[in-house]
Every structure is written in C-alpha cells, then in structure tokens.
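None of the values given here were measured: they were computed from a predicted structure. Counting starts at 1 for both ligands and their atoms, following the listed order.
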Amino acid sequence: MGTAGYAETYAASVNNPEAFWLKAADLIDWDVRPQRALDDSGAPLFRWFPDGALNTSYNALDRHVLAGRGSETALVYDSAMLGSQRTYTFAELLSEVETFAGVLHGQGIRAGDRVVIYLPMIPEAVIAMLACARLGAVHSVVFGGFAATELAARIDDARPDAVVTASGGLEPKRRVEYLPTVAQALEASAHPVRAVVVTAREGFAHTAAEFDGAGGAAWLDWAMLAASARPQGPVSVAATDPLYILYTSGTTGSPKGVVRDNGGHAVALAWSMANIYDVAPGQTMWTASDVGWVVGHSYIVYGPLIAGAATVLYEGKPVGTPDAGAFWRVAAEHGVDVLFTAPTALRAIRRADPDAALTAGYDLSGLRTLFAAGERLDPETYRWASESLGIPVVDHWWQTETGWAICANPMGLDAQPLKPGSPTFPVPGFRVRIVDGAGAEVPPRAEGNIVLDLPLPPGTLATLWGSDDRYRASYLEAFEGSYATGDSGYLDEDGYVFVMGRTDDVINVAGHRLSTGAIEQIVASHPAVAECAVIGVKDSLKGQRPCGYVVLKAGAEAVEEEIQAALADLVRTRIGPVADFREVRVVEALPKTRSGKILRKTMRQIADGDDFTVPSTIEDRSVLDDLIPLLRPDPAAS
Ligand code: COA
Ligand code: AMP
C-alpha cells in the first residue's frame with residue numbers, strides 16, 4: 001500500500017490535469033517527450049500528449065531489457081487445457097516480437113495499417129499484438145468465441161491487410177477449428193485481406209496450405225515466415241496515433257470500434273499499475289480474462305509489461321480444468337501477487353467448491369489482492385471471496401471504452417475502507433456524476449444515469465473507428481458536456497459509487513458483453529418469426545442470460561422446441577457460442593406502447609422479480625398480463 005493520499009491525488013488530477021498527467025508521463029520512455037498534456041482544440045473530442053512520440057512495444061519490452069532486466073520473467077503461459085507451461089523472459093519475448101514484427105513487415109504491414117488478430121489464449125496472441133505495436137500498425141483482436149459473421153463485420157469495418165490466426169482453440173468439450181471460420185469470414189466480408197498468417201497447433205484438422213487462396217488471401221505459416229524474417233525495431237509513432245481498435249457491443253447489431261491511442265494509453269496503464277493495482281516491476285499480475293476483451297488488452301498484455309511486471313496468460317477455465325482449484329494452483333505455482341478476474345468466475349468456483357476447500361492445497365501466501373470487474377461484484381460473492389482468501393477483494397468498474405478503471409479502490413495509494421456492492425471511489429482523472437434523464441444531478445442514493453465529465457483522462461477512447469460522428473452520437477449527445485456511460489447507479493452519502501446495471505440493450509453474459517438488439521436482429525431473420533423481443537435476465541452463475549420471446553407469423557407451423565432449437569442454433573452460428581442463447585418462448589403477442597415500442601424494460605423487471613412499472617401509454621394491458629406467468633423469475637436464478 002502506498003503512502004500518498006487518495007484524496008490529495010484525486011484533487012490534483014481534477015484541479016490541474018495538465019500538470020498531473022505530464023508528471024505521470026514520466027513513467028513512459030518517450031522518443032519525443034510531450035510538452036503538453038491535453039489538446040482540447042477539437043472538443044468535445046480530446047487528444048492527450050499531442051506533441052509526444054513513442055513506441056508502445058519499446059515501453060513494454062526493450063526498455064526493461066536495456067535496464068538489465070532481460071533475464072527476468074515477462075510472460076508465463078499456463079495451459080490447463082494442455083497441462084503445460086512456458087515462461088518467456090523479457091529478452092525472449094522481445095526476440096519473438098521483433099521476429100514477428102519482421103514477418104508482418106515482410107507482408108507489407110506498415111505504420112497505420114490494420115491487422116486483425118483472431119487467436120486463442122496462447123503466447124502468439126501477446127506476440128502478435130506487441131509486433132503490431134512495434135510497427136505502429138493498428139491491431140484489432142477479435143475474441144475467439146465469436147462466429148464468422150461477427151469476424152466478417154469487424155474485418156469490413158477495420159479493413160485490415162492481414163489476419164493473424166491459429167489452427168484453433170481448446171474448449172473443455174471440444175477443439176474449436178479456427179481456419180474454416182476465418183475462411184468463411186473472408187468470403188463474407190467485402191474488404192479484401194491480403195494475407196492470413198496461421199500459427200499451427202497440434203491436433204487440429206486443418207493447415208494454412210489447405211486454405212491458400214481462400215477469400216482471395218495468401219494463407220501463410222507463421223513458423224515458416226519467422227524462419228526467414230528480418231527482426232524489426234520499434235517505429236516511433238505520435239502519441240495520438242492509434243494503437244488498437246477493439247470492437248464492443250452497442251445497442252445495434254453493428255459493433256463499435258473503440259480507438260485507443262498510444263501515448264495516453266501507455267501513461268494511464270503505467271499509472272494504474274502502480275496506483276490502482278500496486279504492482280511493481282518484478283512482481284506478477286495474473287488477469288484471468290481473454291485477450292479478446294479490454295481487460296485482457298490492458299491487464300494481460302500492456303499494463304503489466306509496460307510496468308515491467310510479469311504477466312500470466314492462462315488457457316483454461318475457473319472450473320472443470322480440471323477442478324475448482326485451478327485458479328489457486330496457477331496463483332501458487334507462478335507466485336501471483338495480484339489476481340484479477342470476473343465475478344462470474346468466482347461464482348463458478350464457489351458453486352463447485354462452496355467452502356473453498358481447494359485453496360488448502362496451495363500456498364497462496366504471496367497473493368495480496370483480488371480485483372474483480374466485468375460486472376458488479378455482488379455482495380454475496382464479495383463476502384465469499386474475502387472470507388475464503390483472507391485478502392482485500394476489490395471491485396472496480398470500467399468499460400471497453402474507458403480502457404481502465406473509472407472507479408476503484410486505489411491499492412497503491414491509501415486504500416479506502418470497502419463497501420460491498422460498490423467499486424469505491426472515482427479513479428483520479430475521472431469525474432463521475434449521477435444525473436436524471438434531463439441531465440440534472442440527483443441527490444445521494446437516488447439512482448440515475450452515470451455520466452463522466454469531459455475531457456476523460458488519458459487512456460480512454462479517442463473516438464470510434466472511422467466515425468467521429470458516431471462517437472458523438474453514441475456517447476456525447478445525451479448529456480451535454482459529459483460522456484454517457486450507459487450504466488445507471490447512485491452515490492451514497494460518503495461518495496461511494498454503486499453501479500447497478502445498464503440503461504441500454506447491452507447485457508453481460510459470463511463477462512461477455514453482448515447486445516440484445518443484435519440477438520433480436522438474428523432471431524427476427526428466421527422465416528417463421530413475425531416479431532420478437534430479447535431481454536437479459538438475471539442468472540445466478542453468468543450474471544445475465546439472454547431470453548427471447550417470439551411471435552410466429554400467421555400460418556407458421558412450429559412446435560416450441562423446434563423453433564427454440566432453430567433460433568438457438570442461428571444465434572450460435574451468427575454471434576457465437578458465448579451468447580448462450582437457449583431460452584426462447586413462443587407467445588401470442590408482445591406488450592407494446594401505443595406507438596408500437598415493445599416494453600422490454602417492463603418485461604425485464606418482471607423477469608428479474610423486481611417492482612415493475614407499466615407505462616401509461618401501454619396499448620393493451622391484457623397482453624402484458626398474459627405474459628407475466630411466462631416471465632416470472634426462475635427460482636434457480638437470483
Ligand atoms: N472460443 C470458442 N468458444 C468459446 C470460447 C472461445 N474463446 N469461450 C467460450 N466458448 C464457448 C464455450 O465452449 C461454450 O460452448 P458450449 O455451449 O458448446 O458449451 C460457450 O461458449 C459458453 O461458454 P462460457 O461463457 O465459458 O460458459 P460456460 O458455461 O462454459 O462456463 C464460466 C461458465 C463462468 C465458467 C465461464 O463463462 C467463465 O470462465 N467466465 C469468465 C469469463 C471472463 O473471464 N470474461 C472476461 C471478463 S473481464
Ligand atoms: P465491457 O465493455 O465488456 O468491459 O463491459 C462494460 C460494462 O460492464 C459496464 O458498462 C458495466 O455495465 C459492466 N461492468 C463492468 N465492470 C463492472 C463493475 N465492477 N460493476 C458494475 N458493472 C460493471
């Protein structure tokens with residue numbers, strides 16, 4: 001725990017952000033040191049460190065090697081799926097990254113070009129990301145649980161020259177073959193990709209050579225290219241140049257490409273490692289997420305490495321690989337100081353091992369703090385984890401868009417007393433307010449929209465890829481002068497923030513962010529479906545799960561089980577298995593307002609067992625009454 005005070009640090013960050021962030025910029029090695037922190041000339045779009053230049057992979061690797069730390073551990077790959085482990089020192093990881101940067105360079109990739117990375121949790125994912133950063137190329141990692149249609153949508157939007165992939169990923173019940181999915185995505189997308197670079201894994205059915213030419217691309221083998229690649233040094237880029245695009249679900253079916261810059265990102269992550277996570281060079285951080293999500297970008301890859309800490313890349317699940325002691329084994333074997341995971345993973349462990357008996361077999365004395373994010377850490381799970389581990393369990397709230405925590409308990413400053421259910425206080429740099437629909441601030445304990453005053457601190461989204469207008473329309477127009485988080489919540493009398501849920505159609509299924517609107521579009525595309533509503537309902541394991549209510553077209557002959565199976569299959573093929581869309585109910589009609597808007601919020605409130613509000617504009621109350629028995633909460637869910 002640090003000695004600097006949270007209150008003074010927070011005050012300094014908001015009273016004089018220019019001085020605060022210029023000082024934080026000292027945590028980074030610059031090619032051109034910035035003289036200014038904020039460029040507000042394009043307000044309400046802001047840029048950080050406008051006159052700075054750097055390379056992010058240099059900061060993650062080279063500088064530690066140059067400081068004499070080349071033989072220290074940078075990356076531990078632990079595969080519970082294969083029962084194997086491999087450690088890379090900073091020098092070894094640097095060598096892999098310069099070589100793969102050489103591979104990409106050989107394929108014509110230069111600064112500003114985009115590369116889509118579709119890889120499972122293997123070291124090549126980290127290497128590919130850092131190799132792009134080294135060239136100043138912009139990576140866009142697509143989560144391996146997404147299907148071809150989702151991959152194609154991202155390819156069309158990011159317009160990459162190359163796709164980097166592997167023969168497949170390992171799931172507990174099956175091997176997931178990636179190459180047919182990539183080929184299908186290339187065929188489905190309008191944008192031509194020049195090269196697909198494939199890292200071969202044993203035990204999979206397909207090779208790059210088999211697909212050569214598919215989708216008009218050259219399909220190449222990673223190892224073969226690496227054997228003759230010329231290692232590449234770091235390319236200096238402007239702090240404001242994009243490092244990556246990460247797609248996330250919004251309210252519509254078309255995902256939003258969050259753009260992260262190089263400079264602000266490096267500064268914010270370096271600052272967060274010391275002040276939020278309290279992780280120093282030489283220590284080990286393990287973030288049990290996936291590189292396909294923002295949490296993986298920030299705290300599996302960039303944060304720990306920029307800070308000179310070791311990071312663990314875990315290919316496995318919290319339970320079943322082989323048991324609910326997997327997390328404790330990894331933490332003990334790799335001397336993990338700080339663990340970061342999603343509440344859903346903790347609930348899965350708790351369900352399988354309620355007394356945390358499996359912790360007994362492992363030496364967890366080095367584990368100092370457990371961080372949770374991805375969804376609200378419910379008080380029950382918080383208590384179970386704190387009691388089972390006997391260490392601080394810190395909920396912190398953030399989003400793909402912000403790239404790092406908006407609210408947290410800053411363990412590297414003076415840690416604050418925790419309140420279960422709250423991610424504590426705003427992180428320095430973030431100004432959090434709760435407002436009503438008209439933008440007026442509400443009193444303590446009144447729930448409202450959570451907004452952040454502009455400018456957001458460094459490291460947060462610069463814009464949406466290819467569309468400043470969409471960025472403005474999606475986030476900046478609802479509440480003038482503020483960024484709308486899409487979350488609702490309240491502040492208590494002591495200023496603790498409580499984040500209670502989304503105000504839009506975004507749901508969180510086992511830590512995977514999905515759009516019910518996107519699922520609805522797919523369900524509605526089935527020929528037998530006249531109209532439908534998909535809502536996210538509470539789930540005791542996954543936090544939320546999507547449920548569909550469909551009205552069939554007149555004359556459509558279908559038994560409920562058949563339509564259920566067909567729609568589940570459609571969503572699985574179009575979005576991916578992680579959507580976990582299994583519950584479909586055929587109904588006579590959907591409740592609507594007189595203007596034809598489906599009352600999704602009321603349906604969700606009923607399904608969650610909450611008090612529900614029926615708008616006075618309801619068209620036919622009997623439709624809702626008929627639906628109530630179907631919507632009523634499943635007693636297994638809470
Ligand atoms: N590639 C391909 N398929 C994947 C996948 C991937 N990367 N990740 C998940 N899937 C598949 C699973 O195999 C499963 O398929 P199935 O329907 O054929 O069984 C489906 O998607 C649902 O998987 P999952 O969401 O993992 O649910 P689960 O019921 O198998 O396991 C948990 C539940 C809670 C153990 C698991 O969801 C989990 O570990 N969650 C934590 C997620 C996380 O850390 N998110 C990051 C937030 S910061
Ligand atoms: P993602 O962009 O996938 O990280 O999802 C971001 C969303 O997840 C947020 O807008 C919240 O709705 C939810 N979320 C993430 N972390 C938390 C948290 N600690 N508490 C409450 N909600 C959270």
*Per the side-chain hydrogen bond (donor to acceptor under 3.5 Å, both in side chains) rule, which among Thr321, Thr341, Asp78 passes with Tyr314?*
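It is Thr321; the other options fail the test.
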Hey, looking at [atom], which of [options] has the closest heavy atom?
atom	options	answer
atom 16 (P) of ligand 1	Arg351, Glu171, Arg174	Arg174
atom 34 (C) of ligand 1	Thr344, Val291, Leu119	Thr344
atom 45 (N) of ligand 1	Ala568, Ala510, Gly374	Ala510
atom 46 (C) of ligand 1	Ala147, Ser289, Gly296	Ser289
atom 39 (O) of ligand 1	Pro318, Ala372, Gly320, Ala348	Pro318

Top protein contact for [atom], by heavy-atom distance:
atom	result
atom 5 (O) of ligand 2	Arg513 CD, 3.5 Å
atom 27 (O) of ligand 1	Lys542 NZ, 2.9 Å
atom 47 (C) of ligand 1	Gly511 O, 3.6 Å
atom 12 (O) of ligand 2	Asp487 OD1, 2.5 Å
atom 6 (C) of ligand 2	Trp398 O, 3.6 Å
atom 26 (O) of ligand 1	Lys317 NZ, 3.3 Å
atom 25 (O) of ligand 1	His512 NE2, 3.2 Å
atom 22 (N) of ligand 2	Arg376 N, 3.5 Å
atom 18 (O) of ligand 1	Arg572 NH2, 2.8 Å
atom 44 (O) of ligand 1	Ala288 O, 3.4 Å
atom 7 (C) of ligand 2	Asn508 ND2, 3.8 Å
atom 18 (C) of ligand 2	Glu375 O, 3.3 Å
atom 1 (P) of ligand 2	Thr400 OG1, 3.4 Å
atom 22 (C) of ligand 1	Pro577 O, 3.9 Å

Can you check [atom]: any protein non-hydrogen atom closer than 4.0 Å?
atom	value
atom 30 (O) of ligand 1	no
atom 4 (C) of ligand 1	yes
atom 7 (N) of ligand 1	yes

Ligand-side contact atoms (ligand 2) for residue partner [X], heavy atom cut-off under 4.0 Å:
X	result
Arg502	9 (C), 10 (O), 12 (O)
Val499	21 (C), 22 (N)
Asp395	18 (C), 19 (N)

*asked:* Is the distance between the ring centroids of Phe430 and Trp397 under 6.0 Å?
replied: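 Between Trp397 and Phe430, the centre distance exceeds or equals 6.0 Å.
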_Is the distance between the ring centroids of Phe146 and His512 under 6.0 Å?_
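No; Phe146 has its ring centre 6.0 Å or more from that of His512.
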*Take every heavy atom of Val578, measure it against each atom of ligand 1, and state whether any distance is under 4.0 Å.*
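It does, in that a heavy atom of Val578 comes within the 4.0 Å cut-off of ligand 1.
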_For Gly169, state whether at least one heavy atom is located under 4.0 Å from any atom of ligand 1._
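Gly169 does not count as a contact of ligand 1 under the 4.0 Å cut-off.
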*Are any of the side-chain heavy atoms of Val279 and Asp337 separated by less than 4.5 Å?*
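Side-chain contact under 4.5 Å: no.
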_Are the side chains of Val427 and Trp404 in contact, using a 4.5 Å heavy-atom criterion?_
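Answer yes - side chains close enough.
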Is [X] touching ligand 1 with its side chain, its backbone, both, or neither, if touching means heavy atoms under 4.0 Å apart?
X	value
Lys173	side chain
Val295	side chain
Pro172	neither

Check: [X]/[Y] side-chain N/O donor and acceptor closer than 3.5 Å:
X	Y	answer
Ser272	Tyr299	yes
Glu375	Gln544	no
Ser540	Arg351	yes
Tyr247	Asp157	yes
Thr248	Arg513	yes
Tyr6	Gln416	no

I'd like to know if [X] pairs up with [Y] as an ion pair, taking the criterion as any Lys NZ or Arg NE/NH1/NH2 lying under 4.0 Å from an Asp or Glu carboxylate oxygen.
X	Y	value
Arg600	Glu520	yes
Arg329	Asp323	no
Glu171	Lys317	yes

_Out of all atoms in ligand 1, which are within 4.0 Å of some heavy atom of Gly144? Include the element for each._
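Near Gly144, the atoms of ligand 1 are 1 (N), 2 (C), 6 (C), 7 (N).
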Do any nitrogen or oxygen atoms of [X] come within less than 3.5 Å of a nitrogen or oxygen of ligand 2?
X	result
Thr485	no
Glu401	no
Gly374	yes

*Quiz item: cation-pi between Arg433 and Phe479, 6.0 Å / 45°*: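 No, Arg433 does not sit over the ring of Phe479.
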*For the pair Tyr244 and His265, name the ring-plane relationship: parallel under 30°, tilted 30 to 60°, perpendicular over 60°.*
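Perpendicular: the ring planes of Tyr244 and His265 meet at over 60°.
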*asked:* Once you restrict to heavy atoms under 4.0 Å, what part of His512 touches ligand 2? Side chain, backbone, both or neither.
replied: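 His512 to ligand 2: no contact under 4.0 Å from either part.
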_Any donor-acceptor pair under 3.5 Å from Asp487 side chain to Val499 backbone_ =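 No, because the side chain of Asp487 does not come within donor-acceptor range (under 3.5 Å) of the backbone of Val499.
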_Side-chain donor or acceptor of Asp608 paired with backbone N/O of Lys538 under 3.5 Å_ =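 Judged by distance alone, yes, a pair lies under 3.5 Å.
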*So among Arg572, Arg545, Lys542, which one has a salt bridge (charged side-chain N to carboxylate O under 4.0 Å, His left out) with Asp580?*
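The salt bridge (charged side-chain N to carboxylate O under 4.0 Å, His left out) with Asp580 is passed solely by Lys542 among Arg572, Arg545, Lys542.
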*asked:* Does the residue Gly486 have a heavy-atom contact with ligand 2, meaning some pair of atoms that are separated by less than 4.0 Å?
replied: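 Gly486: no contact with ligand 2 (<4.0 Å).
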*For Arg582, does the CZ atom have more than 12 heavy-atom neighbours from other residues, nucleotides or ligands under 6.0 Å away?*
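Counting other residues, nucleotides and ligands, CZ of Arg582 stays at 12 neighbours or fewer.
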